[in-house]
**Student:** 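Got a structure for you, written out below as structure tokens; questions coming shortly.
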Amino acid sequence: MDMTVIPSTRTGLPTEPFIGRHFINGAWRDSADGATFERIAPSHGVVVSRSARGGEAEAEAAIKAARAAFDSGVWSRISGKARGEVLLRVADLIAANVDRFALIETLETGKPITQARNEISGAADLWRYAAALARTTKGDSHNTLGEDILGVVIKEPIGVVSVITPWNFPFWILSQKLPFALAAGCTCVVKPSEMTPSTTAMLGELLNEAGLPAGVVNIVLGYGQPVGATMAAHRLVDMVTFTGSTAVGKAISAAASGTLKKVALELGGKNPQVIFPDADLESAADAVVFGVYFNAGECCNSGSRIIVHEDIAEAFTARVIELSRQVAFGDPLDPRTQVGAIVTPQHQDKIDGYVRAAVAAGARLGLGGERLSVPGLNGDFYQPTVVTGVTPDMAIAREEVFGPVLSVLTFRTMDDAIAITNDAAYGLSAGVWSENVHTVLEFSRRAQAGTVWSNTWMDGFPELTFGGVKESGQGREIGSYGLEEFLEVKSLVMRIGRTRAPWVNAR
Ligand code: NAD
């Protein structure tokens, strides 16, 4: 058996596309000019959704609705308890709709149905966690400033937040941002990726049902231009939170600078797993395979490069290749499938281009390196691919491939491993495998990354904050820091008694 491929029987497809509309000020709307766009399933080639295509008019209306809702206090000035209760109702509704959401998410992204179900139900837990945080927001008091002064630092919602999300984890990433912004008391305008608009639109139904006041969350479907760009630059918006590519993140930062609004960015990664010879190599090999093929490698956290000690590199790579052949690629609607389709044909070409360029530069193909044919489907699939003999200067070692492609590099000393790890524009996450606590701690402290996993990969919890350094982004999501992003800090300075010495005629 060369590779494990799950064929398709083409069962389980919806009979009609999902129709998506904008959700503005509590009402469902088509675009003023009637424009729409379609999403074709990358796996099955069917139309999954037909959505209203927003323009400047819709973005403007959504921003104004969010501004008015914020300023009215209907959400921003109610108690944390009251906000938390709504968020908990949303969480219950998400949990009750897992299958419906997961089916559309699978068809729009190409990801496996089992994974999509886990992501939707996991997202419900993010809403629950944010609901708990809604009641814990607090500031500081300063009782040491002298007997006639009391200082209090309070936290306030930052205001209107633009939320712009990518296609790879549409509902999960939305849920890393939106419930936290809402817990803080902000109001929001949300734009999902044009590739995956539907589950975000479907959330609008649940927000309504949960009793969220009109205008608190507004959803505009459409493209980066003009919808996202308007949301990034608009003077009535106080903050933009964005997940996506580094190039667009930089454009958003530039657009936001006109009004100096706050910007939080979760961008790309080129995340290494470093394997020391004393590691539990069987666990490490399994985690490497998981790290590179999960979500077909279309993952900011993809463990797309491994840095293996020279003494074990050959045997370890052989084991990774052996395990790679056993990963089930194929029809995303089959519950046995572990890796589904690539998001678009253009993206498939980009992945293939990185592999070809690496081979042309002297790297070798240990496995894969071609489009994958799945019986019963003529969609976009790519083989599990392992590229060996990669050197740190090659594009495949430095840039985000965003596909099921592993680059294998080697090292000799801890200093080498750290140098290769940190020799990247990105700094999202990194991993270290060793049974020696000193090795693990030294690597963890010296690696430039927002998250360092040791003897595991991609374990995550709502409690643990997430984000990147360098060109992987700025700001943090989830955990208590995820709430702090959406809060502004204000100092209240209070004089007690008529003790202030006059400034005029002080002598
Ligand atoms: P993308 O940057 O192309 O698009 C992301 C979103 O930005 C989409 O909604 C898009 O419509 C919008 N957009 C595009 N141009 C815009 C503009 N000029 N102004 C405002 N909005 C605009 O990213 P993508 O291809 O959807 O997602 C893949 C990228 O996302 C990868 O680079 C990946 O690493 C990154 N990502 C990062 C994380 C993280 O947490 N660090 C998580 C997931 C994905």
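Ligands are counted one by one from 1 in listed order, and the atoms in each one are counted from 1 as well. Positions are given from 1, in the same order as the sequence printed here. Because the structure is predicted, anything quoted here is derived from the model rather than measured.
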**Student:** Hey, is Pro192 one of the residues with a heavy atom under 4.0 angstrom from ligand 1?
**Tutor:** yes

**Student:** In the protein, what heavy atom is nearest to atom 41 (N) of ligand 1, and what distance, to one decimal place, separates them?
**Tutor:**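 Ranking protein heavy atoms by distance from atom 41 (N) of ligand 1, first comes Leu267 O, 2.5 Å.
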
**Student:** Go through ligand 1 atom by atom and flag the ones less than 4.0 Å from a non-hydrogen atom of Thr243.
**Tutor:** 5 (C), 36 (N), 37 (C), 38 (C), 39 (C), 40 (O), 42 (C), 43 (C), 44 (C)

**Student:** So, does Gly473 sit close enough to ligand 1 that a heavy atom of it is under 4.0 Å from the ligand?
**Tutor:**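 No heavy atom of Gly473 comes that close to ligand 1.
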
**Student:** Could you find the nearest protein heavy atom to atom 24 (P) of ligand 1 and give me its residue, atom name and distance?
**Tutor:** Trp167 NE1, 3.2 Å

**Student:** Would Ser472 count as being in polar contact with ligand 1, using the rule that some N or O on each side must be under 3.5 angstrom apart?
**Tutor:**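 No.
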
**Student:** Please check whether Thr165 reaches ligand 1 - meaning an N/O of the residue sits under 3.5 Å from an N/O of the ligand, judged on distance alone.
**Tutor:**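 N/O-N/O distance under 3.5 Å: yes.
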
**Student:** What protein heavy atom lies closest to atom 7 (O) of ligand 1? Include the residue and the distance to one decimal.
**Tutor:** Phe242 CE1, 3.2 Å

**Student:** Against heavy atoms of Gly268, which atoms of ligand 1 measure under 4.0 Å?
**Tutor:**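 Selected atoms, number and element: 34 (O).
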
**Student:** Looking only at protein heavy atoms, identify the closest one to atom 27 (O) of ligand 1 and say how far it is in Å.
**Tutor:**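 Going by distance alone, atom 27 (O) of ligand 1 is nearest to Pro166 CB, 3.3 Å.
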
**Student:** Would you tell me which option among Ala255, Ala256, Gly224, Ala247 has the nearest heavy-atom contact to atom 22 (C) of ligand 1?
**Tutor:** Gly224

**Student:** Would one find more than 12 heavy atoms of other residues, nucleotides or ligands at under 6.0 Å from atom CG of Asn378?
**Tutor:** no

**Student:** Quick check against the 3.5 Å criterion: does Arg53 have a side-chain atom that pairs as donor or acceptor with the backbone of Ala35?
**Tutor:**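 Side chain of Arg53 to backbone of Ala35, a donor-acceptor pair under 3.5 Å: no, none is there.
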
**Student:** Could you list which atoms of ligand 1 come closer than 4.0 Å to a heavy atom of Ile252?
**Tutor:** 19 (N), 20 (C), 21 (N)

**Student:** Taking the six-membered ring where the residue is Trp, are the ring centres of Tyr481 and Phe466 under 6.0 Å apart?
**Tutor:**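 That pair fails the under 6.0 Å test.
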
**Student:** Regarding Lys270 and Glu400, does a basic nitrogen lie under 4.0 Å from an acidic carboxylate oxygen?
**Tutor:** no

**Student:** Does the N or O separation between Asn168 and ligand 1 drop below 3.5 Å for any pair?
**Tutor:**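 The answer is no, given that Asn168 and ligand 1 share no N or O pair closer than 3.5 Å.
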
**Student:** So, Lys177 versus Thr241: side-chain donor-acceptor pair below 3.5 Å or not?
**Tutor:**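 Checked: Lys177/Thr241 side chains pair up, N/O donor to acceptor below 3.5 Å.
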
**Student:** Tell me whether Asp238 is salt-bridged to Lys261, with the criterion being a basic N under 4.0 Å from an acidic carboxylate O.
**Tutor:**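 No, no charged N to carboxylate O under 4.0 Å.
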
**Student:** Could you check whether any side-chain heavy atom of Arg356 comes within less than 4.5 Å of a side-chain heavy atom of Val359, counting everything from C-beta outward?
**Tutor:**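 No; the side chains remain at least 4.5 Å from each other.
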
**Student:** Between Phe461 and Tyr129, is the ring centroid distance below 6.0 Å?
**Tutor:** no

**Student:** Hydrogens and angles aside, do Asp459 and Thr456 bring a side-chain donor and acceptor to less than 3.5 Å of each other?
**Tutor:** yes

**Student:** Which of the numbered atoms in ligand 1 are below 4.0 angstrom from a heavy atom of Glu266?
**Tutor:** 37 (C), 38 (C), 39 (C), 40 (O), 41 (N)

**Student:** Considering heavy atoms of the protein only, find what lies nearest to atom 16 (C) of ligand 1 and give residue, atom and distance to 0.1 Å.
**Tutor:**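 Nearest neighbour among protein heavy atoms for atom 16 (C) of ligand 1, to 0.1 Å: Val248 CG1, 3.4 Å.
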
**Student:** Quick one: nearest non-hydrogen protein atom to atom 21 (N) of ligand 1, plus distance?
**Tutor:** Gly228 CA, 3.6 Å

**Student:** What orientation do Phe23 and Trp28 show, parallel under 30°, tilted 30 to 60°, or perpendicular over 60°?
**Tutor:**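 Rings of Phe23 and Trp28: tilted, as their planes differ by 30° to 60°.
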
**Student:** Between Phe402, Phe169, Tyr223, flag the one that comes closest to atom 28 (C) of ligand 1 by a heavy atom.
**Tutor:**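 The residue whose heavy atom sits nearest atom 28 (C) of ligand 1 is Phe402.
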
**Student:** Return the closest protein heavy atom for atom 32 (O) of ligand 1 as residue, atom name and distance.
**Tutor:** Glu400 OE1, 2.8 Å

**Student:** Counting each atom of ligand 1 from 1 as listed, which ones have a heavy atom of Phe466 under 4.0 Å away?
**Tutor:**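 Answer, ordered by atom number: 40 (O).
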
**Student:** Could you tell me whether Phe381 and Phe329 have their ring centroids closer than 6.0 angstrom?
**Tutor:** no

**Student:** Nearest protein heavy atom to atom 1 (P) of ligand 1, by residue and atom, and its distance?
**Tutor:**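 Looking at atom 1 (P) of ligand 1, the protein heavy atom closest to it is Ser245 OG, 3.6 Å.
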
**Student:** Is any side-chain heavy atom of Trp127 closer than 4.5 Å to one of Ile94?
**Tutor:**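 Of all side-chain heavy-atom pairs linking Trp127 with Ile94, at least one is under 4.5 Å.
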
**Student:** Give a yes or no on whether atom 4 (O) of ligand 1 lies under 4.0 Å from any heavy atom of the protein.
**Tutor:** no

